[in-house]
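One structure is given here, and the rest of the page talks about it.
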Amino acid sequence: MTHADAQALDRADPLAPFRDRFSIPQGTIYLDGNSLGALPRSVAARTAKVVSEEWGRDLITSWNRHDWIDLPRRVGARIAPLIGAEPGSVVVADSTSLNIFKLLAVAVGRSDRRVIQTETGNFPTDIYIAGGLATLTGHEVRVDDLAVIRDDVAVVLVTEVNYRTGARHDMKALTARAHAAGATVIWDLCHSAGAFRVDLAGAGADYAIGCGYKYLNGGPGAPAFAYVAPRHLPGLRTPLSGWLGHAAPFAFAPDYQPAEGTDALRVGTPPVISMSALDAALEAFDGVDLAAVRAKADALFDVFAGEVGARCPEFELLTPRDAGSRGTQVSLRHPEAYAIMQALIARGVIGDFRQPDIMRFGLTPLYLRFEDVFRAAEILAEVMATRAWDRDAFKRKAKVV
Ligand SMILES: *Cc1c(COP(=O)(O)O)cnc(C)c1O
């Protein structure tokens, strides 16, 4: 492929106009939207308005006047179509880690079985939170390859797309297998939501959680979402029984009575500024066909993985090539992955590194061009050919890697 070929793909790309919805710094090729999504243009104006008008001018009256109080439900309703969720089944609250805790507690509380099963290589917070909950409840946490789900399993906690490799589970098949074993499943959609169309309802999913700051572009530390299938909503109650999850918070009653529906997953006062930022960020998906997003991500994958494969045979492609078996990131292995990534970042190509030897490149079709991924492969090849990575400065690990 040549540079001109990549530009031709951009001219034919129906999603090309959506790049204007984002603010991408000149000269930067941003391949880390799987970790922190780029800034949608709609966010700056909205947060400025929330700060100066809603908070600054209207002060506490904004809880009603600007409906701050129902932001968790409203923003949840915006996410629902992206993940194939039924109306009223998604709420935005807290962080992914906290939502894992809440939903795990719900799921184990509804079963008399003693095991929480999760996957070796799952994102650490998922495994840590399961372990933390188990210290309170006495459950066993079983960490394995999920090949077998035994009849002692209450709940399976699994991430659809693996953060290191980019490999993707078959949500429908695994959910059916868990159900056949008498277990429920919590799907972690951190690397799915906004990357491609998830079909929770179609998969018969029970529960799900996911991040607001990755493919949903809600900004650093954006609040997360939680999904509960409508059949599991009645009687929903978590041990984090905060006042805003109460049926009547402003009755200030002495006894806890959970709210109806997903409101029972709310805990405390929502972070209005960051939740408004996420709300505005989701406008970037207005009118977007997620099937087209996925198709472009696959085409970007082919260009990037193809060019890297042809130019740099020393890299091992860790991500499955088969589009049905992966998400939308490219993971490459190399013993000097960390230093190579720092050299790339110094040249304006931003991806990231994961232990021990993985470089990750996120493909986000709403703001990436074919020209970008082609150029990124060229720059990577140049970094390898010149050994530009082989400098002490690129080998010193920062606090956040
Ligand atoms: C990013 C990520 C998280 C992050 O959880 P936070 O509570 O937002 O820090 C959890 N699980 C997976 C699979 C992730 O990729």
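Counting starts at 1 for both ligands and their atoms, in listed order. Numbering of residues begins at 1 and proceeds along the displayed sequence.
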Minimum-distance protein heavy atom relative to [atom]:
atom: atom 7 (O) of ligand 1; value: Ser97 OG, 2.6 Å
atom: atom 5 (O) of ligand 1; value: Thr96 CB, 3.5 Å
atom: atom 2 (C) of ligand 1; value: Lys214 NZ, 2.4 Å
atom: atom 11 (N) of ligand 1; value: Asp188 OD2, 2.9 Å
atom: atom 9 (O) of ligand 1; value: Tyr213 OH, 3.5 Å

### Main-chain N/O of Met359 paired to Asp352 side chain as donor or acceptor, under 3.5 Å
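Absent.
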#### Entry: Under 3.5 Å: donor-acceptor pair, side chain of Arg237, backbone of Ala264
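Flag not set: sc Arg237 to bb Ala264 has no pair under 3.5 Å.
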### Message
Using a strict threshold of under 4.0 Å (side-chain N to carboxylate O), is an ion pair present between Asp152 and Arg113?
### Response
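No salt bridge links Arg113 with Asp152.
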### Task
Could you walk me through whether Glu382 and Arg347 pass salt bridge (charged side-chain N to carboxylate O under 4.0 Å, His left out), step by step?
CA-CA 11 Å; Glu382 174 222 298; Arg347 285 160 178 74; 3.4 Å; yes
### Query
In this structure, are over 12 heavy atoms from other groups packed under 6.0 Å from Arg354 atom CZ?
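Counting neighbours around CZ of Arg354, more than 12 heavy atoms of other residues, nucleotides or ligands fall under 6.0 Å, so yes.
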#### Entry: Atom indices of ligand 1, in the order listed, that fall short of 4.0 Å to a heavy atom of Ser95
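Once the distances to Ser95 are compared, the set is 7 (O).
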### Query
Would a 4.5 Å heavy-atom cut-off, applied to side chains only, mark Val303 and Leu300 as touching?
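No, side chains not in contact.
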### Query
Taking N or O atoms only and a 3.5 Å limit, does Asp126 qualify as a polar contact for ligand 1?
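So ligand 1 has an N or O lying under 3.5 Å from an N or O of Asp126.
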#### Entry: Thr159-ligand 1 polar pair, N/O distance under 3.5 Å
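No: no nitrogen or oxygen of Thr159 is under 3.5 Å from one in ligand 1.
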### Query
Looking just at side-chain N and O atoms, do Glu119 and His169 make a donor-acceptor pair shorter than 3.5 Å?
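Yes.
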### Task
Mark the output for Ala224 as yes if a heavy-atom distance to ligand 1 is under 4.0 Å, and as no if none is.
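No, Ala224 has no heavy atoms under 4.0 Å from ligand 1.
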